[in-house]
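For the numbers below, each heavy atom of this structure counts, side chains included, while hydrogens, waters and symmetry mates do not. In what follows, chains are A, B, ... by sequence order, proteins preceding strands, each numbered from 1.
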Amino acid sequence: MITDLSHDLALDTGAPVNISRRRFLMAAAGASAGAFVLGFGLPIGQARAEGAVVTPGTRVAAFLEIRADGTIRLQSPFVEGGQGIFTAMAQIVGEELDADPATFVVENASPGPDYKVMGTGAGRRITGGSNSVRSSYATMRRLGASARAMLVQAAALQWGVPVGELTTAPGHVIHAASHRSLAYGELAKTALDLPVPAPETVVLKDKAQFRWIGKSVARLDVRAKSTGKAAYAIDAKVPGMVHAAVQHAPRFGMEPDSIGNADAIRAMPGVHSVHLLPGCVAVVAERFWHARRAVEAARVNWREPADPAAIRAMPADFSTEGFAARLAAADGPGDVAEHVGDAAHAMTTAASVIRATYQSQFLNHAQLEPPSALARFNADGTLDVWLANQAPDLFVADIAQRTGLTAENIALHSPMIGGFFGRHFKYAGASPYPQAIALAKAVGRPVKVIWTREEEFLRDTLRPMAVVQFRAGLDAAGLPVAIEAFSACEGPGEGQANRRGDKLDAAALEGVTGKQYAIPHRHIAQRYVKSPMALGYWRSVGHSMNDFFYECFLDEIADKGGKDPYDLRLHLLADNRRLSTLLKAVAEASGGWKAGPYVAPDGSRRARGVAMASPFGSETAAIAEVSIEGGEVKVHDIWQAIDPGTVVNPAIVAAQVTGASALALSQLLVETAVYRDGVPVARNFDGYQVLRPDRMARVHTRIVESGEKMGGIGEPGLPAVPPAVANAVSRLTGKRVRAMPLAGQTVNA
Amino acid sequence: MIKLHVNGTLHTIDAEGETPLLWVIRDNLGMTGTKYGCGIAQCGACSVMIDGVVTRSCVTPVESVADKAITTIEGIEQDPVGRRVVEAWVRHQVPQCGYCQSGQVMAATSLIKAKAHPTDDDINAAMINLCRCGTYTTIRAAVHDLAGSAEHAA
Ligand code: FES
Ligand code: FES
């Protein structure tokens, strides 16, 4: 049979069945009956029913389960996708709880108000913006301290001694006077019945007493990830499950009318059923391979959307080359993003003026785990969904809307993610869960949809492309007095909204705006150019390209003024202690600043470049050393200094800086998403280049803890690297690099 | 019916002979440690060992390995070299998201089994799987550690 569900977005599931949310939570956490648990004391469903207002991050029971054997289960508000957040959460909570992070088992918490720990009040919950630790640091510490207070209280009751006589050692409450001690696991059952102390009564540790925060604690997931035991959404399975593969519309917005060879497809080996869905056709089979083979063989008749503009449909004449030309031709004053002094006037009185135009490319996320979703409707009317996601509550709300189920009847499981980099926010048409839900409904069995790499590259959201026109005025001493930038682009938020907002999309120009150099006259504006491209957040978002533009142009200013690029930066940061310290730190880490070109011990000609960035609350500075080998840029070393204010785990910081540097090199050296005739030219890693091991550089991370407000870690390691490398290449070749990627451009030493 | 020797156990598989080994391992055998990343031998996430040699299972027809010894990541610690590789991966804290790491561990194990002390060139030639998280330098450090060699400056 062929079911046509392409118009059937809201599925009728009948009357919602009353079900305790607690059951979901218990199941999601794998809590076993009979364990001595400190946790799940108050079912969240019940709390809601009673109209209780939840202050996120305060109910210990929603977060912690201490088992008889001393292991501690922690529900993390943030999803693990390689950034090490589960380990960081165990360190932060463990520090105040006084429990070794190694004894923690951390899981991604179910959706719910308890876990909206970002910010104050009602809060929100996403994993992104390099915001997890910095937004929840105080809350999660207080949570650990509250739990510790409850355990101490429980011991005091059991022993009949005053709380003041008790101390803790990792995993134990101790009464020194009587040489007694009780393991947390032994106390958890009693502690469960005690009230959670008021947050403001809880005393936090002094930084000097930290045992785990600030240390390179081993990651909790490394062994599981080295032995294939870590389970991702793509690995999810439930009894009775069938598999599905899809063929997406070649261009977003098109809909399937019919399948020309439907009978042949249905007759293919293993095929269970064939379906028309919104924007795709799907084949369900007992085995994924059968589903895939069949769906790829389908000859689908696609129809163009009735109202393309309303849904940001991709037209047949769109090409990245053509769009780049449109961006380059954009004119006019644009909308002002940053305006200080009078740049236009300063240009007229400047001793010299320089101009340059810079360009970036569209980029795929290309996370290694392709999207997948498993959906199961249960006999009691509830729905389980397994899905990689960075914002569980938003996805639940959307699923509720699609299915007519209430949020209480939807259990969203968010397993570890096989890389995200911004891929798993809620983007229109970019996730397989609507397909899995529709198919599970249609076939009456649990369905797992896996997108092949080819289908993923057809529906991924891309990092925006921009063309920036710069102008700078220099004084007689060769120092910049004015800088002007007009960026023709569309920000990721504007792309998602499919329109220009009332306010500027801050993510569009960040990194051209917000620079710290003391240039008295600045004028930065956006020339909004709408595109049909599906845009998304890509690791370090606007900073991923904008710091490249600005920092490379700053080197051009230095050249024009006859200044060394490092000296010029230091001069422009003379009044900024934090950033000049950071810049000196990276120079020192690299063995002292030298631009080159010079001849390395192996006989190769090399040069170095420097660049800085202020991304996501952190500050970074990078120096790169390059040579040219066989017409290709070889990046030997990257030294990067990062100041995130305060550090929780230095080894994880170094790993994140290294990983971000790899992505930075990838976009500068090789990576670009090209569209012709409305479709991506590359649909897999044979055509879409990502950094391979032979092009990776050594990365040396220097952490500078200024003690300033805590900043992010996951993304900040990226933005300074492309300009540092590009500036080194320009120095070496004598020819400015003004566009990414370098692949396709000629480089000669 | 196809007979497969996986991690020392004999399985009888009901699949067409041209089915990629990857999907037989994941779907028929339910062993999901071996990952799908591209399906066209580009990324290496699906790497397994066939008679000790690293092989991309997404392009390996199952019928071609019927009489061979297949090692997947689930069986890696049964292999003395594999066990050493896993320990090196833990020691160097290699994985980030971890999705590519089953394949990376396979590639390293196959390399060290073939040559206990690989040169830089051997390592470059063998460790070619993609890692989007950028663990390449840590992987190299772990392999050098296993090989008992220092990394050469490049
Ligand atoms: S999945 Fe086999 S090489 Fe990528
Ligand atoms: S660790 Fe994430 S792809 Fe390699």
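Of the listed residues (A/Trp289, A/Phe420, A/Phe685), the greatest number of heavy-atom pairs within a distance under 4.5 Å of chain B belongs to A/Trp289. Among the candidates B/Glu74, B/Met127, B/Arg26, the residue making the largest number of heavy-atom pairs closer than 4.5 Å to chain A is B/Arg26. Annotation: maximal heavy-atom pairing with chain B below 4.5 Å, among A/Gly659, A/Ser226, A/Gly418, occurs at A/Ser226. Ranked by heavy-atom pairs shorter than 4.5 Å toward chain A, the options B/Cys97, B/Gly39, B/Ser102 are led by B/Cys97. Counting heavy-atom pairs under 4.5 Å between each of A/Asp694, A/Val699, A/Leu663, A/Leu665 and chain B puts A/Leu663 at the top. When each of B/Gly134, B/Pro95, B/Gly30 is checked for heavy-atom pairs under 4.5 Å with chain A, B/Pro95 comes out on top. Taking B/Cys133, B/Gly75, B/Cys100 one by one and counting their heavy-atom pairs under 4.5 Å with chain A, the maximum is reached by B/Cys133. Ranked by non-hydrogen atom pairs under 4.5 Å with chain B, the options A/Ala366, A/Gly81, A/Ala662 are led by A/Ala366. For the options A/Asp221, A/Asn684, A/Thr452, heavy-atom pairs under 4.5 Å to chain B are most numerous at A/Asn684. When each of B/Gly98, B/Ala45, B/Ala41 is checked for heavy-atom pairs under 4.5 Å with chain A, B/Gly98 comes out on top.
Taken to the nearest 0.5 Å, the CD atom of A/Glu296 stands 4.0 Å off from the CZ atom of A/Arg292. One distance of note links CG of B/Leu130 with CD of A/Gln689; it measures 9.0 Å at 0.5 Å rounding. The OG atom of B/Ser110 sits 11.0 Å away from the CG atom of B/Asp51 when rounded to the nearest 0.5 Å. Summarising the geometry, atom OH belonging to B/Tyr136 is positioned 8.5 Å from atom CE belonging to A/Met696; distances are rounded to the nearest 0.5 Å.
Using a 30° and 60° split on the angle between ring planes, A/Phe288 and B/Trp23 fall in the tilted class, from 30° to 60°. By the 30° and 60° cut-offs, the orientation of the rings of A/Phe457 relative to A/Tyr688 is perpendicular.
Identified by a heavy-atom distance below 4.5 Å to chain A, the contributing residues of residues 6-21 of chain B are B/Glu16, B/Glu18, B/Thr19, B/Pro20, in residue-number order.
Only the side chain of B/Glu77 has a heavy atom closer than 4.5 Å to any heavy atom of chain A. Proximity to chain B is absent for every atom of A/Ile652, based on heavy atoms less than 4.5 angstrom apart. Using a 4.5 Å cut-off between heavy atoms, B/Cys43 touches chain A through its side chain atoms alone. For A/His243, the part lying under 4.5 angstrom from a heavy atom of chain B is the side chain only. Proximity to chain B is limited to the side chain of A/Phe421, based on heavy atoms less than 4.5 angstrom apart. When heavy atoms are compared at a cutoff of 4.5 Å, A/Ala230 approaches chain B solely by way of its backbone atoms N, CA, C and O. Both the backbone and the side chain of A/Asp235 come within less than 4.5 Å of a heavy atom in chain B. A/Ala697 touches chain B through its backbone: at least one of N, CA, C or O sits under 4.5 Å from a heavy atom, while the side chain does not. Heavy atoms closer than 4.5 Å to chain B are found nowhere in A/Ser604, neither backbone nor side chain. Heavy-atom distances place both the backbone and the side chain of A/Leu691 under 4.5 Å from chain B. Using a 4.5 Å cut-off between heavy atoms, B/Val105 contacts chain A through its side chain alone, with no backbone atom that close. With a 4.5 angstrom heavy-atom cutoff, A/Glu671 touches chain B only via side-chain atoms.
In this structure B/Asp79 satisfies the salt bridge (charged side-chain N to carboxylate O under 4.0 Å, His left out) test together with B/Lys113, sequence neighbours excluded. Here A/Arg287 pairs with A/His290, B/Asp27, B/Asn28 under the side-chain contact (heavy atoms from CB on, under 4.5 Å) rule; sequence neighbours left out.
Checking side-chain atoms of A/Glu369 against main-chain N and O of A/Ile234 turns up a donor-acceptor pair under 3.5 Å. Distance alone, capped at 3.5 Å, is enough to place a donor-acceptor pair between the A/Glu80 side chain and the A/Gly84 backbone. For the pair A/Lys448 (side chain) and A/Ser372 (backbone), a donor-acceptor distance under 3.5 Å is absent. Between the side chain of A/Gln91 and the backbone N or O of A/Lys215 there is at least one donor-acceptor pair closer than 3.5 Å.
The local environment of CZ in A/Arg453 is crowded, with over 12 non-hydrogen atoms from other residues, nucleotides or ligands closer than 6.0 Å.
Evaluated for a side chain to side chain donor-acceptor pair (under 3.5 Å) with B/Thr135, the options B/Arg140, B/His92, B/Gln96, B/Gln101 yield exactly one hit, B/Gln101.
The minimum heavy-atom distance linking A/Met416 with A/Tyr232 is given by the pair O-CD2, 3.4 Å.
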Derivation of the side-chain hydrogen bond (donor to acceptor under 3.5 Å, both in side chains) call for B/Thr137 and A/Arg698: CA-CA 7 Å; B/Thr137 44; A/Arg698 286 180 297 256; over 6 Å; no
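Pairs engaging residues 56-65 of chain B under the side chain to side chain donor-acceptor pair (under 3.5 Å) rule: B/Arg56-B/Asn129 [sequence neighbours left out].
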